[in-house]
*Asks:* 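Provided herewith is a single structure, encoded as structure tokens, for subsequent inquiry.
Residue numbers count from 1 along this sequence.
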Amino acid sequence: MASERARRRLLVADDPRWDDSHLGAAGRAAVKVARVAWLAELRERGELLDTAAAVLAVGVRAELAARGWDREWPDAPETAISGRWPGSRSTGWPERIGANLPVGLVEQVRAACWHSSPIDELREFRDAFPGLLTGVRLREYDELTAQITTPGEIWRAGFGRVLWPDQDGAEQH
């Protein structure tokens, strides 16, 4: 990302549209708004990957497309917004990566994961068989949880698609 940030500085410095040295305060503010919008468009199209959010958004869109999930989904229920998902066993990456993603993309990932996972079936199973699971019941539970896709899996796969493209987004740990 450092090289992309340097490229961004060059893109801005080399473009006469962004020279605001001859303008007053209002003019400089207008140029800044236009420049920020232009950079956001470049990031949206995947032409500038100078932030963690830009890298993640490109990768996540590619991951959604690869899964056939790049479409409209019914909204996920409010219970899908935060916390650990039913059936989630993944601890994720040890590092946290902050990224301000477009709200629509976050909602799309959440809805796609929710509606593509057997969450209701998993909850019904746990209601029918509370407590410690062993033997056949544990295998049945494992089969259901293996079908759960969490947003975290999509975020990690999205980064993987950009960071390790030759491995088709395979997670690296």
Side-chain angles (χ1 to χ4, degrees), residues 1-5 7-8 36-129 133 136-173:
M1 284 189 301
S3 65
E4 283 289 284
R5 285 191 291 269
R7 188 169 73 83
R8 177 191 64 212
V36 167
W38 176 69
L39 290 170
E41 288 174 19
L42 292 177
R43 291 179 187 115
E44 179 75 20
R45 292 192 308 257
E47 296 174 19
L48 180 63
L49 303 178
D50 62 334
T51 66
V55 170
L56 183 56
V58 165
V60 166
R61 286 187 183 100
E63 182 66 19
L64 291 173
R67 292 172 180 259
W69 291 1
D70 55 341
R71 60 182 177 83
E72 293 289 323
W73 290 89
D75 290 341
E78 287 187 30
T79 56
I81 290 176
S82 65
R84 195 167 183 87
W85 276 41
S88 174
R89 292 185 171 184
S90 172
T91 58
W93 278 350
E95 304 88 16
R96 287 215 173 276
I97 299 171
N100 293 321
L101 295 171
V103 172
L105 182 60
V106 172
E107 290 173 351
Q108 182 182 19
V109 166
R110 188 178 299 128
C113 290
W114 190 268
H115 294 295
S116 298
S117 297
I119 293 173
D120 291 336
E121 294 91 336
L122 184 65
R123 286 180 169 165
E124 290 169 7
F125 183 91
R126 290 304 289 160
D127 287 345
F129 305 104
L133 300 173
V136 172
R137 296 290 181 236
L138 180 57
R139 282 192 297 280
E140 291 171 348
Y141 180 78
D142 286 343
E143 288 173 11
L144 280 173
T145 60
Q147 299 173 51
I148 300 289
T149 304
T150 65
E153 291 175 55
I154 302 301
W155 308 136
R156 289 186 295 279
F159 261 125
R161 285 189 172 278
V162 174
L163 299 176
W164 305 287
D166 58 329
Q167 298 177 19
D168 197 28
E171 288 187 38
Q172 302 289 315
H173 297 280

*Asks:* Can you confirm whether C113 sits close enough to T150 that some side-chain heavy atom of one is under 4.5 Å from a side-chain heavy atom of the other?
*Replies:*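 SC-SC contact between C113 and T150 ruled out.
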
*Asks:* Under 3.5 Å, which donor-acceptor pairs do the side chains of residues 97-108 form with other protein atoms, sequence neighbours left out?
*Replies:*
from	atom 1	to	atom 2	distance (Å)
Q108	NE2	W69	O	3.4
Q108	NE2	R71	O	3.2

*Asks:* Hey, is E63 close enough to R67 for a salt bridge, meaning N to O under 4.0 Å?
*Replies:*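 So E63 pairs with R67 through a salt bridge.
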
*Asks:* Starting at NE2 of H115, measure out to CG of D120 and round the result to the nearest 0.5 Å.
*Replies:* 10.0 Å

*Asks:* Would you name the heavy atoms of A80 and W114 that are closest together and state the gap between them?
*Replies:* CB-CE3, 3.3 Å

*Asks:* Under 3.5 Å, is there a donor-acceptor pair between the side chain of R156 and the main chain of G152?
*Replies:* yes

*Asks:* Please find the pair of heavy atoms, one from P118 and one from I148, that lie closest to each other, and give the distance.
*Replies:* CD-CD1, 3.8 Å

*Asks:* Would you say D50 and R7 make side-chain contact, with heavy atoms under 4.5 Å?
*Replies:* no

*Asks:* Distance from D127 atom CG to L122 atom CG, nearest 0.5 Å?
*Replies:*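 Result: 9.5 Å between the selected atoms.
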
*Asks:* Quick one: ring-ring contact (aromatic ring centres under 6.0 Å, His included) pairs with a partner in residues 38-61, sequence neighbours left out?
*Replies:*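 Matches after skipping sequence neighbours: W18-W38.
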
*Asks:* Under 3.5 Å, is there a donor-acceptor pair between the side chain of E4 and the main chain of L49?
*Replies:*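 Answer holds: yes.
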
*Asks:* Quick one: CG on D142 to CD on Q147, what's the gap to the nearest 0.5 Å?
*Replies:* 11.5 Å

*Asks:* Could you check whether any side-chain heavy atom of R126 comes within less than 4.5 Å of a side-chain heavy atom of L133, counting everything from C-beta outward?
*Replies:* yes

*Asks:* Closer than 4.0 angstrom, basic N to acidic O: yes or no for R61 and D70?
*Replies:* no

